[in-house]
Amino acid sequence: SFNMYEKALNISKKTNVHNKKFIDEIKKFKEASWVRIYKKATTAFKNDDFDTALKDIKPLENLGLKLDKVYQLESIIYLKKKNDDKAIIYLEKTFEVNNKNKAIANQLAVLYFKKDNFEKAAEYYQKVINLEPNNVDTYFNLAITYGKLENNDKVISTYEKILSIDPKNTDALNYLG
């Protein structure tokens with residue numbers, strides 16, 4: 001089915017056919033195809049057949065659609081396969097398409113922290129905070145990350161921020177003494 005789509009698109013380009021109805025039909029076909037293929041890949045994933053799910057979903061990347069669902073599914077598959085490097089690639093693509101997704105930003109921060117890339121972890125924890133400014137848990141993770149970076153000024157200012165959100169927070173109070 002993708003071959004038909006590609007052939008139709010190539011014919012359109014080669015013959016310089018820019019018939020709006022023809023182009024609209026190609027787009028409808030493209031959209032319907034991605035949903036069908038995504039469902040097939042999701043089914044394989046649910047059956048723990050990760051290799052088939054990846055094989056099924058790969059053609060969607062070639063469609064030129066920036067579908068965060070597709071990238072997110074790929075990232076989850078790679079996480080299940082214990083391939084954090086590939087998961088990061090697809091989580092980054094997901095966040096690039098949907099930079100309002102706190103869960104994706106947080107997952108990236110956690111993975112970068114796990115890989116000792118504390119600069120990137122701090123960057124993504126900050127993105128979570130930008131999306132959810134009163135998230136005390138993320139501030140704690142950011143403070144720990146700044147500690148790993150040996151940036152004590154930022155550790156202190158992050159704990160102070162926690163206290164500005166939650167003045168009775170015992171963990172922050174204990175840290176700041």
Side-chain angles (χ1 to χ4, degrees), residues 30-31 34-35 37-166 169 171-172 174-176:
K30 183 177 181 180
E31 290 167 9
W34 93 257
V35 171
I37 289 172
Y38 180 79
K39 285 180 180 179
K40 184 178 174 191
T42 302
T43 300
F45 172 78
K46 287 177 182 174
N47 292 325
D48 291 334
D49 188 354
F50 305 130
D51 292 330
T52 299
L54 282 172
K55 182 180 72 68
D56 288 346
I57 208 164
K58 282 296 177 191
L60 294 179
E61 287 186 44
N62 299 329
L63 285 179
L65 300 171
K66 292 192 176 191
L67 302 167
D68 57 330
K69 283 183 171 186
V70 172
Y71 297 142
Q72 190 170 3
L73 179 59
E74 286 177 290
S75 70
I76 293 167
I77 292 168
Y78 284 118
L79 286 171
K80 292 277 188 183
K81 290 178 65 122
K82 309 257 188 265
N83 187 336
D84 290 350
D85 292 331
K86 287 268 191 168
I88 286 171
I89 290 168
Y90 288 98
L91 285 166
E92 291 270 6
K93 288 181 179 189
T94 303
F95 195 74
E96 187 179 301
V97 174
N98 182 0
N99 63 5
K100 303 289 185 222
N101 191 323
K102 295 176 288 200
I104 296 300
N106 191 68
Q107 184 68 52
L108 280 161
V110 168
L111 286 171
Y112 279 124
F113 188 94
K114 182 178 166 185
K115 297 185 79 47
D116 295 336
N117 188 338
F118 302 118
E119 291 86 6
K120 290 293 272 185
E123 174 187 328
Y124 276 96
Y125 281 131
Q126 191 59 57
K127 289 178 184 194
V128 174
I129 288 167
N130 291 342
L131 295 168
E132 193 174 21
N134 294 324
N135 187 324
V136 172
D137 292 335
T138 303
Y139 278 106
F140 270 114
N141 291 336
L142 183 59
I144 292 165
T145 303
Y146 285 145
K148 293 286 188 180
L149 290 167
E150 299 178 3
N151 189 333
N152 291 330
D153 291 340
K154 285 193 175 184
V155 171
I156 291 168
S157 68
T158 303
Y159 278 111
E160 288 171 345
K161 180 62 180 177
I162 291 169
L163 288 176
S164 75
I165 298 167
D166 179 8
N169 188 292
D171 291 328
N174 288 338
Y175 182 84
L176 293 173

Pairwise side-chain contact, K148 with F113, heavy-atom cut-off 4.5 Å (strictly under)
yes

Test item: L73 and K69 side chains (from C-beta on) under 4.5 Å apart, heavy atoms:
no

Closest heavy-atom pair, G147 versus V155, reported as atoms and distance to 0.1 Å, is N-CG2, 3.3 Å

To check you understand the geometry: which heavy-atom pair defines the closest contact between A53 and I77, and what is its length?
CB-CD1, 3.6 Å

In terms of heavy-atom contacts, L111 and A87 come closest through CD1-CB, 4.4 Å

Which distance, rounded to the nearest 0.5 Å, do you find between the CG of D85 and the NZ of K115?
4.0 Å

Below 4.5 Å, heavy atoms only, C-beta onward: do N106 and Y125 meet side chain to side chain?
yes

All ring pair (Phe, Tyr, Trp, His ring centres under 6.0 Å) counterparts of Y159, not counting sequence neighbours:
F140, Y175

Give every residue pair that meets the salt bridge (Lys or Arg N to Asp or Glu O under 4.0 Å) criterion with at least one member in residues 41-54, sequence neighbours excluded.
D51-K81

With rounding to the nearest 0.5 Å, note down the distance linking CD1 in I57 to NZ in K40.
12.0 Å

Distance (rounded to the nearest 0.5 Å) between I162 CD1 and N134 CG:
11.5 Å

Begin from the C-alpha positions of E123 and Y112 and carry the test side chain to side chain contact (heavy atoms under 4.5 Å, CB included) through to its verdict.
CA-CA 10 Å; E123 174 187 328; Y112 279 124; over 6 Å; no

Salt bridge present between E74 and K58 (N-O < 4.0 angstrom)
yes

Could you check whether any side-chain N or O of N98 sits under 3.5 Å from a backbone N or O of T94, counting only pairs where one atom can act as donor and the other as acceptor?
no

How far apart are the closest heavy atoms of F118 and T145, and which atoms are they?
O-CG2, 3.3 Å

Which distance, rounded to the nearest 0.5 Å, do you find between the CG of N83 and the OG of S75?
11.5 Å

Is there a side-chain contact between V128 and Y139 in this structure, where contact means two heavy atoms from C-beta onward sitting under 4.5 Å apart?
no

Just wondering, do I129 and N135 contact through their side chains at under 4.5 Å, heavy atoms?
no

Please report the interatomic distance CG(N101) to CD(Q107), rounded to the nearest 0.5 Å.
10.5 Å

Do the side chains of E119 and N117 get nearer than 4.5 Å, heavy atoms only?
yes

Decide yes or no on side-chain hydrogen bond (donor to acceptor under 3.5 Å, both in side chains) for Y124 and E92, but give the supporting numbers first.
CA-CA 10 Å; Y124 276 96; E92 291 270 6; 2.5 Å; yes

Check whether any side-chain heavy atom of Y71 lies under 4.5 Å from a side-chain heavy atom of E96, and answer yes or no.
no

Can you tell me if NZ on K120 sees more than 12 non-hydrogen neighbours from other groups inside 6.0 Å?
yes

N130 side, atom CG; K100 side, atom NZ - distance, nearest 0.5 Å:
9.0 Å

Is there a side chain to side chain contact (heavy atoms under 4.5 Å, CB included) between I76 and Y90? Walk through the geometry before answering.
CA-CA 9 Å; I76 293 167; Y90 288 98; over 6 Å; no

